[in-house]
Amino acid sequence: MSWIKLALDNFINDSKSSDGRLVILTQITLILFLSTLSLTSASVQQYLDGNLNNMLGADISVSGPRPLSNSDEKLLADKAASIAKVQLTPLAISLRGETIPVQLKITDENYPLQGSLKIGATQNQTIQKTIEHGPPPGEIWLGPRASSKIDADIGDRIAIGEETFRFSAIIYHEPDRLMEGHSVAMRALINGKSLSIEDIKSSKTLYRYLLTATAGQQENIENWVSDNLNDFTLLTKASGDHPLALFWQRTENFLGLASVILFFLAAIAIDMANRRYLERQKQRLAVYLSFGQSLASCLRLSLLQWLLGFLLSFLIAIGLAYIAQYFLIAQLAEQFPGITSGWHPATIVKTAGLIFILLLAFQIPMLWQLSRTSLVSLIRAVAYPSAHLLRLFWGFASISLLAAYYSDNFLLTGLTLGALGAALLLMAILSWIVLTAGELWGRKYPGLLSFNFFIMKQRILSKSSQILGLGLCSLLLLFTLMLMKDIGATMEGYTRANNGNLMVAELQAQDKPVLEDWARRNKSEIRQLRPYAAAKLSEINGLSIDEAISTPSDTLATVKSSIRLNWSNTIPSNNQLVGGKWWSEKEANWNQISAEDEVMTDLGLNYGDQLTFVIDGKATQFKLVASHAFKPGGGSVTFWFQIPERAIEAIKPEVFYMGSMELPDAAWSKLGSLWQNHPSLSLVPLKELTQRFDDTLAMITKLVVGYAAMVLIMTALVIAASMKGFEAEDRQKNGLLMSMGVTKKACVKLALYDWLTVSLIAGIGAISGTWLAGVLIYQSQFSMTYEPDPIWLVSTMLAIGVTVCGIGVIYSRKSLSTSINTLLSE
Amino acid sequence: MDHKIELKDVGHYFDTPHGRISLFDKLSLSFSGGSTHAIVGPSGVGKSSLLSLAAGLELPRLGEIIFTCDGEQISPVKLRQRSGFVFQQFHLMQELDAIGNIALPLRLNGNKQAYDIAREWLKKINLDDRANHKPTQLSGGEQQRVAIARAFVSNPAFIFADEPTGNLDEATSNNVADLMFDFAKETGSALIIVTHSSALAERADNCFALSEAHLEKIK
């Protein structure tokens, strides 16, 4: 007990010193970040699992871009215990002249097979009724957003085209809601008997068959679907791979990498703050040894003391993490409706275990150094072995371990760590060259500057760790700021690239003359209208997509559902050929395809690959012969995949159009009637589109700003640690110089030279590392072209450098006043 | 009190990148329990190294050292548990006050009366009114008195003192020396002092003079 009490006393005493406080603050920040991440992840995961287990609405779901043939549907029904059929179509609904686009779910009388629906009569979500089946014929249920947007009251007649339906309830929960991924479309539910669904065609229509089945039946169904329906996606409760899980997995990977970077910063801060702490601890242990204590018990005491620090940091950080989780989950509610924050004790224990092991790993080099403590050091000077290499190796090893634990994107992690490693090496070499050259130069030209180089060269080991620490911090800060700026600019670019003020997201072939006629009558201009067919990529070189591609990407997630296939004999005016050879008009072979350059990179496609697309239920093989890229100036509508026109003559698919229009102000009010008469027309006013982009941008910005704030806090801690850690040395140096008659002004000048040299080398390392990370990571991981902005890089680095130098000099001035006294007392 | 430290034909040197530095060769002497011993000699002859060897902190390059406590031969590690140290630089724990520093060895051994015993010792060194003063608030002499009390508080068999008055003026030195010799007599601990001060050495039962040539027993 007395040992614990003593460890506690030592801990409290050390916490009173700035080094001790710095270590605790660093640990709190780190634990807070990692715990918040884990808690939020656990809440999302729990939400997803809950949805998958209880809310799938069936044991199996089979979804595809076309209805099953009668024989296939019968076969499927025979193999399952029960079946329900659902159709999802984007449509426009109208009320009192107001028209809005919704995602309409058309259900049969069996829907849902499992779980239940929750409906209400008011916008107030607390008054809800649980019901076993969907709306009866003649009625329509609207989602809360749709009902408020169109201003509908219960009993209103909602129009879809010519027909009207009674609005009888607000739908709050559908068991298979999450099957649609993170769609934020407004929703409506209607009975299949109400609507002649054959009339409504859309490339975005999704046909879903919900099945209940025993384990044996499930296996049979899975085999049958994979053999016969290669354009359908099968999902079971057991497989657990639902669409949002993949989305969240990618978010988690990114945050995982972010935590690796923060851990790196924390490691630097702790290592620097430990420099002085180690000296104090060594002296403490040596004195304990002089009382006859064994080294083992001294080390145990030291470990116990560290453990108390960890516990305190952990308790504070966990409290804050729960509060942070509460706010973060509130932010995520839009993406994951109904999500709640939780306690997740198992997650916290796991996270605590991981952080504990890693922080303990940081202590190992120090414990090794402490284990070399000798009582002789109290009698005469003893040279302790330096643990620089051990500390470097151990730090890198523990961070790599963390990276391996958190990230399944080894390429991204490897590239980040590689860029950091290269920058470290560069700074180490530069430090040696600059300080050696400076010292050699100084031999010929004595003065304050040359003395600065001389003294820095003498302390090259400690100075280089200061340079490396600050350099890495600046690199990470610079890279985060650059990424934030470029992602923002890219999103902004996407938003503003659209022509016209109304996007025609989808138009059926038979509605094309109607739209053209309406445009003529309303003095609107159709800027662009390009044809396409709905197609689903089913195989690459004879392998299913999952077998052919293992690297997750947004592109992969998109091609797994239906995409738009365009045809053109010549390269479209807003495209340019990047590689391969575009087909000629006369060529008889129409089984050729061109893919967008970025899509090829993301999916790892090569020229000559055989791509099988299922179009209207028929599989067709195309040979990849060319790649194209977007070229500004010729309209914004571009397609990932394009085929020769002859192919369309052969396949004869259902044709749709997409494009853009420019409406004069007067035409907007007439749009409602057009929509009402042609509800399958999918039109998106640019204002709304901009709003969607802005919402996404706002979420990404929030995420990156939050992260940048954490990096900034950590950077501030590293800078503080690097100043405090070297304070004793600087004080001693200044004291000696002043005792030799050097003026205070000259001492400040000397401090300025010192910080300038440190900032210069750290700055060069940071800029080179940022450039390298940009080149390595942008294209391969974020599908963004890296265009370094040297003026921005240098000016941002200059701002960081000036801040560091300024604080450093102010700090030195403060320490000067006490230098001689301190020296005398020492 | 059958305690003894025997050095037999002990030789010691350091290897540095610039060559070997030899300190002494074939030294033989013994420090018996219950007595006071002084080692004198000019700077650089290896007095502190001899003290480190005698305290079992380092192993000699040549020869052997035998440690005996209560009639039994013991290891250097065991000897450490029966020793106390007084240093030239005092080496008090800066974050602890005077009473905290004296109580520290007792607390490390799990003694629940640590503070009561420490208070007694504070009275003995006439610093009971400074119990809660930190080392920075004490003079050099006061700090060394605290360090002496801290060395004796756990009643060790041997006290090793390295230049205990090296940083103090004559009057304070005398005061500190009085305390050390009085406490050694009172507790029965053997006192082994390395010093430049002939006055201090004079007070020891045995006195050895170490020079570059050899070791001579002068008292």
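Each chain gets a letter, A, B and so on, in the order its sequence line appears, and its residues count up from 1. Every heavy atom of this structure was used, including side-chain atoms; hydrogens, water molecules and symmetry mates were not. Worth saying up front: this structure is predicted, and the values here are computed from it rather than measured.
Between B:Phe31 and B:Phe158, a ring centre-to-centre spacing not shorter than 6.0 Å is recorded.
With contacts defined as side-chain heavy-atom distances shorter than 4.5 Å, the pair A:Leu303/A:Leu360 qualifies.
Heavy atoms of B:Asn109 lying under 4.5 Å from chain A belong to its backbone as well as its side chain. With a 4.5 angstrom heavy-atom cutoff, A:Ser294 does not touch chain B via any of its atoms. For chain B, the nearby parts of A:Leu289 are the backbone and the side chain; heavy atoms of each come within less than 4.5 Å. The part of B:Ser83 that comes within reach of chain A is its backbone (N, CA, C, O), which places non-hydrogen atoms under 4.5 angstrom from that chain. Neither the backbone nor the side chain of B:Phe90 comes within contact range of chain A; no heavy atoms are under 4.5 Å apart. Residue B:Leu79 does not touch chain A at all, counting heavy-atom pairs closer than 4.5 Å.
For the residue pair B:Gln94/A:Gln283, the side-chain donor-acceptor check at 3.5 Å is not satisfied.
Salt-bridge formation is detected for the pair A:Asp14/A:Arg284: a Lys NZ or Arg NE/NH1/NH2 atom is positioned less than 4.0 Å from an Asp or Glu carboxylate oxygen.
A donor-acceptor pair under 3.5 Å is formed between the side chain of B:Asn101 and the backbone N or O of B:Leu96.
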